[in-house]
Undergrad: 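Before I ask anything, here is the structure I am working with.
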2 protein chains.
Amino acid sequence: MTIIKSNEQKSSTGRVRKKNQSIILKAAEQDFLEHGFKGASIKGIAERAGIPRANVHYYYKNKEAIYSDILLEILSLWDSSIITSNEEPAKVLGDYILAKVMYSKTNPEASRIFAGEFIHGAPRLKTYLETSFKTWIDEVKATIEGWIKQGKMDDVDPLYLLFTIWGATQHYADFSPQVTAAMGKDKLTDEDFEQVAKTLTQIILKGCGITK
Amino acid sequence: MTIIKSNEQKSSTGRVRKKNQSIILKAAEQDFLEHGFKGASIKGIAERAGIPRANVHYYYKNKEAIYSDILLEILSLWDSSIITSNEEPAKVLGDYILAKVMYSKTNPEASRIFAGEFIHGAPRLKTYLETSFKTWIDEVKATIEGWIKQGKMDDVDPLYLLFTIWGATQHYADFSPQVTAAMGKDKLTDEDFEQVAKTLTQIILKGCGITK
DNA sequence: TAATTACCTGACACTAGTGTCAAGATAAAA
DNA sequence: TTTTATCTTGACACTAGTGTCAGGTAATTA
């Protein structure tokens with residue numbers, strides 16, 4: 001399997017197909033989340049989805065095909081929060097941090113599946129990392145380097161800055177049990193997430209010497 | 001399985017036992033790393049270790065028992081980097097960030113297994129999170145709150161600060177394929193890690209208003 | 001060096017999971 | 001309302017993985 005292409009559905013009007021695929025994908029996401037790719041099973045997914053296993057096989061050749069569909073959707077979501085270069089650093093980075101925190105709040109499952117992929121060596125993301133990801137990175141890097149040259153912020157390695165933002169924001173989704181244990185609550189509230197974004201923005205902007 | 005206690009070896013002089021357990025654990029760590037807990041198999045571990053499966057069963061009742069041993073060792077490592085309260089914030093936090101970055105460099109496998117545990121809901125860490133972890137957190141929280149009261153740093157939620165440090169430092173181990181892809185190299189060098197620690201310390205200390 | 005204890009492993013009897021297929025049921029199009 | 005394409009599912013024939021045990025071999029200890 002090599003991401004990028006997928007969704008090679010048997011041509012059809014869809015409808016029943018669409019509904020069932022969605023049920024299967026939802027069940028699969030849960031199973032992958034709990035057990036990881038290797039640990040998840042079509043059997044388990046079928047049971048969770050409440051349909052016979054053979055029916056899952058009717059829509060998806062195998063586990064890889066299901067996972068591929070899920071990963072593809074996650075990637076499109078992940079990429080979409082883009083840094084635009086026309087605004088001031090404070091605005092751009094602030095927006096980006098907020099978007100990332102909200103992503104952790106709204107799509108913790110996606111974040112975790114994505115993280116799991118990296119933890120296990122990202123065997124299915126090689127091409128993605130070499131293509132669209134690399135392009136995106138290079139653009140952002142150039143933008144930030146521009147800011148530094150213009151004296152709009154301290155001389156901070158753009159990549160380390162990005163990694164810091166990613167690590168700090170994704171942490172709330174990926175390490176959720178640790179976070180909630182530390183905070184002594186079952187679940188973070190909307191206000192908690194807002195506060196996280198605010199604090200993080202404050203630390204990082206100030207830490208990079210961005211005043212305005 | 002409920003962490004905390006383990007290592008209930010059949011009493012013995014050890015030696016052959018010790019050697020073999022170490023071989024098994026090393027192989028198991030790799031297998032867990034690649035496939036996650038559920039995805040790893042005793043069969044796979046035995047093959048990787050180069051011994052018959054029945055021999056693995058001689059030392060370990062089942063997969064849980066192996067995993068338990070590994071997790072226990074990781075936890076002891078993780079806890080050990082402690083924040084001491086007698087020094088100035090700049091020194092304490094700087095040391096802590098450095099220690100965390102170096103942990104990511106030296107023990108990426110441990111970091112990833114630990115992360116995997118959280119991603120999959122941390123079913124085996126519940127007691128840990130409620131006991132030693134919680135105690136540690138509360139102490140550190142008090143220390144940082146003390147610094148804030150003394151005006152040694154900005155009013156930043158201690159927990160959010162900690163999460164930021166964890167997320168940012170662990171990122172280099174847990175998301176290693178993403179990091180290397182972004183940086184365009186196969187592996188981070190010692191200098192890279194030093195630079196990471198330096199940059200991170202700079203951002204976070206300055207970001208929290210710690211000047212000295 | 002004999003006796004005891006620790007270690008090793010092939011073989012067995014499972015359970016879990018996979019992928020395919022044929023025959024029927026539903027839905028859509030003609 | 002046929003006819004045709006889509007969908008459904010039990011059943012089959014696998015492969016992968018588990019845990020135990022008996023009868024050995026190698027180490028230790030007396």
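By convention in this document, chain letters (A, B, ...) are assigned in the order of the sequence lines, proteins followed by strands, and residues within each chain are numbered from 1.
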Undergrad: Taking the minimum atom-to-atom distance to the side chain of B/A54, which one of D/dG10, C/dA27, C/dT9 wins?
TA: C/dT9

Undergrad: Let me know the distance between NE2 of A/H57 and P of D/dC7, rounded to the nearest Å.
TA: 17 Å

Undergrad: Using whole Å, report how far CD1 of B/I66 lies from P of D/dG19.
TA: 10 Å

Undergrad: Is the NZ or CZ atom of A/R124 both under 6.0 Å from the centre of the six-membered ring of A/F37 and within 45° of that ring's axis?
TA: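 Yes, a cation-pi geometry.
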
Undergrad: Would you call the rings of A/W166 and A/F163 parallel, tilted or perpendicular if under 30° counts as parallel and over 60° as perpendicular?
TA: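 The rings of A/W166 and A/F163 sit tilted, inter-plane angle from 30° to 60°.
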
Undergrad: With a 4.0 Å cut-off, would you call B/R48 and B/E34 a salt bridge?
TA: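 Looking at B/R48 and B/E34, the cut-off is met.
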
Undergrad: Figure out the CG/P separation between A/N62 and C/dT20, and round it to whole Å.
TA: 9 Å

Undergrad: With sequence neighbours excluded, what pairs up with B/Y160 under the ring pair (Phe, Tyr, Trp, His ring centres under 6.0 Å) test?
TA: none

Undergrad: For the side chain of A/Y59, counting heavy atoms from C-beta on, which of D/dG10, D/dC7, D/dG19 is nearest?
TA: D/dC7

Undergrad: Please report the distance, rounded to the nearest Å, between CD1 in B/I23 and P in C/dC8.
TA: 9 Å

Undergrad: Examine the base of D/dG17 for any acceptor or donor lying under 3.5 Å from a partner atom in the side chain of B/R53, and report the outcome as yes or no.
TA: no

Undergrad: So does B/N20 get a side-chain nitrogen or oxygen closer than 4.0 Å to the phosphate oxygens (OP1/OP2) of C/dC8?
TA: yes

Undergrad: Tell me: CD1 of B/I24 to P of C/dC7, nearest whole Å?
TA: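 B/I24 atom CD1 is separated from C/dC7 atom P by 11 Å.
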
Undergrad: Separation of B/Q21 atom CD from C/dC7 atom C1', in whole Å?
TA: 12 Å

Undergrad: Is any side-chain N or O of A/Y58 closer than 4.0 Å to OP1 or OP2 of D/dC7?
TA: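 Checking A/Y58 against D/dC7: at least one side-chain N or O falls below 4.0 Å of OP1 or OP2.
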
Undergrad: On the nucleotide C/dG10, are OP1 or OP2 found under 4.0 Å from the side-chain N or O atoms that B/N55 carries?
TA: no

Undergrad: I want to check one thing: is the phosphate of C/dC7, taken as OP1 and OP2, less than 4.0 Å away from some side-chain N or O of B/R17?
TA: yes

Undergrad: I need the NZ-P distance between B/K61 and D/dG17, as an integer number of Å.
TA: 20 Å

Undergrad: Check this for me: does any side-chain nitrogen of one of B/E47 and B/K43 sit under 4.0 Å from a carboxylate oxygen of the other?
TA: yes

Undergrad: Map B/K63 and A/V16 onto DNA chain D by nearest heavy atom, then report which one ends up closer to the 5' terminus.
TA: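 The residue whose closest nucleotide sits nearer the 5' end is A/V16.
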
Undergrad: Which of residues 34-45 of chain B have a heavy atom under 4.0 Å from DNA chain D?
TA: B/S41, B/I42, B/K43

Undergrad: Can a salt bridge be assigned to the pair B/K185 and B/D192 using a cut-off of 4.0 Å between side-chain N and carboxylate O?
TA: yes

Undergrad: From the list C/dT9, C/dA27, C/dT20, which nucleotide is the closest neighbour of the side chain of B/P52?
TA: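 Nearest to the side chain of B/P52 among the choices is C/dT9.
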
Undergrad: Is the ring pair B/F133/B/W136 parallel, tilted or perpendicular, if the boundaries are 30 and 60 degrees?
TA: parallel

Undergrad: May I ask you to verify if any side-chain N or O of B/R15 is less than 4.0 angstrom from the OP1 or OP2 atom of D/dT28?
TA: yes

